[in-house]
Amino acid sequence: ANAVHFCFSELLNHKICWPASIQVIAIGKASAHALKHYKIQVDELPENPNSEHVLHLNSLQQIKGQSVLLFKGTGGRQLIEEELNHR
């Protein structure tokens, strides 16, 4: 949730609008709630709020040729980034 607030408060400060066409995945309910505060629709939320369950989402199985924008807090785990780069 902290990364969401940091990112979107910065975007709002620069009057940048979030495109509705971007598929959004939140890692947990707190992040999803924070995104809702900024009127960002969450398309997917894993059953358990951790990197491993995010990586099991169907939408992340075949990502070759797609662009991914990953937000994480300072000192956050590298697992999602590393695995998506591998895929």
Side-chain angles (χ1 to χ4, degrees):
N2 290 336
V4 170
H5 288 298
F6 178 79
C7 169
F8 287 97
S9 64
E10 287 297 309
L11 289 176
L12 290 174
N13 285 341
H14 296 289
K15 299 184 181 353
I16 297 171
C17 296
W18 186 258
S21 61
I22 295 176
Q23 181 181 1
V24 176
I25 298 171
I27 197 163
K29 291 180 181 178
S31 294
H33 182 72
L35 288 161
K36 185 177 180 180
H37 171 79
Y38 293 100
K39 297 179 176 42
I40 306 296
Q41 177 182 327
V42 174
D43 298 296
E44 289 191 86
L45 186 66
E47 286 184 37
N48 294 309
N50 60 42
S51 299
E52 290 79 6
H53 282 85
V54 167
L55 289 168
H56 281 97
L57 293 171
N58 286 336
S59 63
L60 295 178
Q61 300 312 303
Q62 301 293 326
I63 63 165
K64 187 175 183 176
Q66 296 184 35
S67 296
V68 175
L69 177 61
L70 178 64
F71 293 99
K72 68 179 188 69
T74 303
R77 294 176 69 195
Q78 300 293 319
L79 181 63
I80 295 174
E81 178 183 0
E82 291 171 354
E83 180 59 28
L84 293 180
N85 280 327
H86 175 73
R87 291 178 188 179

Around [X], counting heavy atoms of other residues, nucleotides and ligands shown, do more than 12 lie under 6.0 Å from its [atom1]?
{"X": "Asn50", "atom1": "CG", "value": "yes"}
{"X": "Gln61", "atom1": "CD", "value": "yes"}
{"X": "Asn13", "atom1": "CG", "value": "yes"}

Partner set under ring pair (Phe, Tyr, Trp, His ring centres under 6.0 Å) for Tyr38, not counting sequence neighbours: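 For Tyr38, the residues satisfying ring pair (Phe, Tyr, Trp, His ring centres under 6.0 Å) (neighbours in sequence not counted) are His5, Phe8.
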For the [atom1] atom of [X] and the [atom2] atom of [Y], what is their distance to the nearest 0.5 Å?
{"X": "Glu82", "Y": "Leu55", "atom1": "CD", "atom2": "CG", "result": "10.5 Å"}
{"X": "Ile63", "Y": "His86", "atom1": "CD1", "atom2": "NE2", "result": "10.5 Å"}
{"X": "Leu69", "Y": "Cys7", "atom1": "CG", "atom2": "SG", "result": "7.0 Å"}
{"X": "Gln78", "Y": "Ser51", "atom1": "CD", "atom2": "OG", "result": "10.0 Å"}

Distance-minimising heavy-atom pair for Lys72 and Gly76: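 Answer, listing the atom of Lys72 first, then Gly76: NZ-O, 3.5 Å.
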Closest non-hydrogen atom pair between Arg87 and Leu60, with its separation: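 In terms of heavy atoms, the two residues are closest at NH1-O, 2.7 Å.
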Hydrophobic cluster identity match, Ile40 and Phe71, side-chain contacts under 4.5 Å: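 Cluster IDs for Ile40 and Phe71 match.
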Leu57 vs Leu45 side-chain heavy atoms within contact, under 4.5 Å: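 Leu57 does not reach Leu45 side chain to side chain.
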Donor-acceptor contacts, no H, no angles, side chain residues 15-36, under 3.5 Å, sequence neighbours left out:
| residue | atom | partner | partner atom | Å |
| --- | --- | --- | --- | --- |
| Gln23 | NE2 | Glu44 | OE2 | 2.9 |
| Ser31 | OG | Ala1 | N | 3.2 |

Residue pair Leu70, Leu84: steps toward the side chain to side chain contact (heavy atoms under 4.5 Å, CB included) verdict: CA-CA 10 Å; Leu70 178 64; Leu84 293 180; 5.6 Å; no
Under the salt bridge (Lys or Arg N to Asp or Glu O under 4.0 Å) test, residues paired with Glu52 that sit two or more places apart: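 Residues passing salt bridge (Lys or Arg N to Asp or Glu O under 4.0 Å) with Glu52: Arg77.
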